[in-house]
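Here's the structure we're looking at; comments come further down.
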Amino acid sequence: MSEPLVELDGVEKHFGDFVAVRDANLTIGQGEFIAIMGPSGCGKTTTLRMLAGLDAPTNGEILHRGQADE
């Protein structure tokens with residue numbers, strides 16, 4: 001397998017005392033198609049916003065082609 005395109009490593013997002021995403025780990029490789037599914041309020045949109053760079057994770061790392069965003 002080649003180097004992953006995107007990796008989430010222990011990603012968390014807190015809004016005050018509320019934890020929207022807790023310890024998310026995900027690896028997306030070249031040519032893969034993924035779906036993020038779950039009930040309302042489980043952190044799907046927050047995770048996508050972090051992947052897009054619109055929100056920064058509170059904890060953990062998001063890597064694009066092995067490099068952390070600065």
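Residue numbers count from 1 along this sequence.
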Can you find a heavy atom in the side chain of [X] that is under 4.5 Å from one in the side chain of [Y]?
X   : Y   : value
T27 : E7  : yes
H64 : I62 : yes
R65 : L5  : yes
M50 : E12 : no
I36 : L48 : yes

[X] (side chain) donor-acceptor with [Y] (main chain) under 3.5 angstrom:
X   : Y   : value
N25 : G10 : yes
T46 : A20 : no
K44 : P39 : yes
K13 : A56 : yes
E32 : G29 : yes

Nearest heavy-atom neighbours spanning G43 and V21
O-CG2, 3.7 Å

Indicate the atoms forming the closest heavy-atom contact of L26 with I34, along with that distance.
CD2-CD1, 4.1 Å

One should read off an interatomic distance between R49 CZ and D55 CG, to the nearest 0.5 angstrom, of 4.0 Å

To the nearest 0.5 Å, how far apart are CG in L51 and CG in L8?
5.0 Å

